[in-house]
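I have placed the structure first, in the form of C-alpha cells, so that the comments after it can refer back to it.
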Amino acid sequence: MFFRIISNAIEQRLGDKKIIILLGARQVGKTSLLKNMVAQKENTVWLNADEAIVKTLFENFSVAGFTAFVGNTKLVVIDEAQQLLEIGIKLKQLYDANLPFQIIVTGSSAFELRNKTNEPLTGRKWEYHLYPFSFAELAKNTNTPQAIQQLETRLLFGNYPEVVVNISDEKERLKTLTDSYLYKDVLMWQGLKKPEKIIQLLKVLALQIGSEVNYNELGKQLQLSNDTIEKYIAILELTFVIFRLPSYSTNLKKELTKGKKIYFFDNGIRNALIGDYRPVALRQDVGALWENYIISELWKKNSYDNAYGTFYFWRTADQQEVDLIIDKNGTLHTYEIKWNPKAKARLSKTFSGNYPNHDFSVIHKENYWEYLS
C-alpha cells in the first residue's frame, strides 16, 4: 500500500460527526486508500454504489431503513456515491438524525456529486481531493533520488497508481485506463449527445498543452458551438481529466484578460490520447510535457497542503509572459518552467514593475524536486 498524503488529513476527521467526501478520478486509488485506512477499525460497513442492493436501498430510502441495514456500526463508506438517487438530501437526513456512525462517501464526478451534495450538506461535510500519485508521494514511498531517476518515465507514462506499480506494462495499462475508465463518467453525463466529439476535443487539447486555447477555433475545428465546447470542457474538469488556468489581469494596458490554458492532471493520459510514447530525447513537445507535469504537480501540492493558492498565467499582446502565477493571500509567486537548466529566464519588467508584491523562481529538471517535495 502506497502512502497517500491526504490520508493524514482524513484520519484526523474520523470520529468527527461531519460527513467526509473524497473526490478524485476513477482509478486514482480512492477505494484502496479508504480500505487500507479502515482495515484495522472495527464496525465498518462498506457500500458499493455499483451494486443493485445499494441502489435499491437509496431508491426506497428512509433513515430507519438505512440504520437497520448497516446495523451496529461506527463507520459507513459509500463508494462512487454520485450514482445514487438524491444522495445529497439523503445524506443530510442521516446527518441531521444524529446517528451513532460517521459516513464517508467517494465520487469520481465532482459535477454529479457536488450538484447533489453542495447545498444539502452545507456545514455538514469535509471535502478532500485525491489525484494520481504526486512526486512527494513517490519520493516518500521510495526516496527522493529514486523518484528523480524516474522523471522521464513519469513524463511519458504519468502517475496513475496502476501504471506506476506495473513496470514495463505502462502502455497497455494506459490504454485500459483511457478506453474503460477515463470517459465513463463523462459519457454517462445526461444530455451528452455526441460522445465522440468530446473524445476528439480531448485529443485536440492534448496537442495544445502549454498554449492558449480559443473556444471559437475549437468549435470550428470540431463543428460545435462555443457553448458546447465550454460545457464539454467544464465536464472534463469536473471529472478530473483536465484543469484550466485563466490569465491574470488587473486591466493594465495590453494585458490579455480572457485567455485560458488547459492542462491534464496526468501526463500519461495526455500521451495516451495522442498515442505518443517516444523517449524525451526524440520529442519536439518536451517543453509542453515538462510544463504540464510541473503545473499539475504544483496543483496537487497546493491542494494537499491546503495552501488555497489560485493559479494563473500572464501574457500581454506583445508576447511578454509568465508561465505560472500562484496567488497566495495577495503575494504573487511567479515561475518560469524550463526543461533545460541553462535556458535563459527572467521576469518581465512590465510585470515586476506593475506587481511589486511578487517573488520569482525558475523551475528546471535539475531543481524541480525542491519545489515538489
Side-chain angles (χ1 to χ4, degrees), residues 1-131 137 161 185 240 303-306 308:
M1 179 62 197
F2 272 67
F3 167 77
R4 305 307 301 264
I5 292 170
I6 205 170
S7 61
N8 291 333
I10 296 174
E11 193 79 52
Q12 289 174 7
R13 299 300 184 189
L14 293 179
D16 189 313
K17 182 183 176 183
K18 288 187 179 181
I19 293 167
I20 296 171
I21 297 179
L22 180 59
L23 296 171
R26 290 180 183 269
Q27 301 296 301
V28 295
K30 300 185 300 296
T31 301
S32 296
L33 182 154
L34 291 177
K35 283 192 171 179
N36 183 67
M37 185 177 293
V38 305
Q40 306 303 319
K41 302 184 187 304
E42 297 180 357
N43 298 331
T44 298
V45 173
W46 192 282
L47 304 178
N48 188 335
D50 285 322
E51 295 178 355
I53 190 171
V54 177
K55 291 184 178 181
T56 301
L57 176 67
F58 279 87
E59 287 168 3
N60 304 308
F61 180 81
S62 71
V63 171
F66 185 89
T67 305
F69 186 85
V70 300
N72 181 25
T73 184
K74 295 294 184 184
L75 184 65
V76 177
V77 180
I78 307 172
D79 206 10
E80 296 298 341
Q82 77 273 359
Q83 302 180 56
L84 299 172
L85 186 67
E86 296 182 330
I87 182 65
I89 294 171
K90 292 164 186 176
L91 289 173
K92 177 181 181 296
Q93 292 172 7
L94 291 169
Y95 177 91
D96 290 346
N98 198 28
L99 298 168
F101 53 80
Q102 186 174 18
I103 298 173
I104 301 177
V105 299
T106 78
S108 54
S109 169
F111 194 96
E112 287 275 23
L113 193 54
R114 275 193 180 145
N115 254 14
K116 294 173 179 177
T117 61
N118 258 7
E119 187 173 342
L121 294 185
T122 300
R124 300 173 173 86
K125 65 176 180 174
W126 300 111
E127 185 175 298
Y128 300 96
H129 293 245
L130 187 67
Y131 301 95
E137 287 170 331
D185 290 305
F240 309 107
S303 175
Y304 290 155
D305 290 350
N306 289 322
Y308 305 108

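A donor-acceptor contact shorter than 3.5 Å links the side chain of T73 to the backbone of N43. Checking side-chain atoms of Q102 against main-chain N and O of G15 turns up a donor-acceptor pair under 3.5 Å.
K74 NZ: 12 or fewer foreign heavy atoms inside a 6.0 Å radius.
Remark: L94 CG to I103 CD1 distance equals 4.5 Å, nearest 0.5 Å. Distance check, rounded to the nearest 0.5 Å: CH2 of W46 to CG of D79 gives 5.0 Å. Note that CG of L14 is 6.0 Å distant from CE of M37, once rounded to the nearest 0.5 Å. Here the straight-line distance linking atom CG of N48 with atom NZ of K55 works out to 9.0 Å at 0.5 Å rounding. Annotation: the span from Y128 atom OH to L130 atom CG amounts to 13.0 Å, rounded to 0.5 Å. Rounding to the nearest 0.5 angstrom, the gap separating the CD atom in E59 from the CD atom in E86 is 11.0 Å.
A perpendicular orientation is assigned to the rings of H129 and F240, their planes being inclined by more than 60° (bins at 30° and 60°). Ring-plane geometry between F66 and F61 is classed as tilted, the angle between the planes lying from 30 to 60 degrees on a 0 to 90 degree scale.
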- Message: Under the criterion side-chain contact (heavy atoms from CB on, under 4.5 Å), I'd like the reasoning laid out for V45 against F69: C-alpha separation, chi angles, the key distance, then a yes or no.
- Response: CA-CA 10 Å; V45 173; F69 186 85; 5.5 Å; no
- Task: Start with the C-alpha distance between R124 and D96, add both sets of side-chain angles, then the distance that settles side-chain contact (heavy atoms from CB on, under 4.5 Å), and finish with yes or no.
- Result: CA-CA 9 Å; R124 300 173 173 86; D96 290 346; 3.0 Å; yes
- Message: The test is side-chain contact (heavy atoms from CB on, under 4.5 Å); show your working for K90 and L85 and say whether it passes.
- Response: CA-CA 9 Å; K90 292 164 186 176; L85 186 67; 3.9 Å; yes
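Of the N and O atoms on the side chains of Q83 and D50, at least one donor lies less than 3.5 Å from an acceptor on the other residue.
Counting heavy atoms from C-beta outward, N98 and K17 have side chains that approach closer than 4.5 Å. For the pair I5 and F3, the minimum side-chain heavy-atom distance is below 4.5 Å. Residues P161 and F2 are not in side-chain contact: their nearest non-hydrogen atoms beyond the backbone lie 4.5 Å or more apart.
When each of L84, L57, I19 is tested with I78 by the rule side-chain contact (heavy atoms from CB on, under 4.5 Å), just one qualifies, namely L84.
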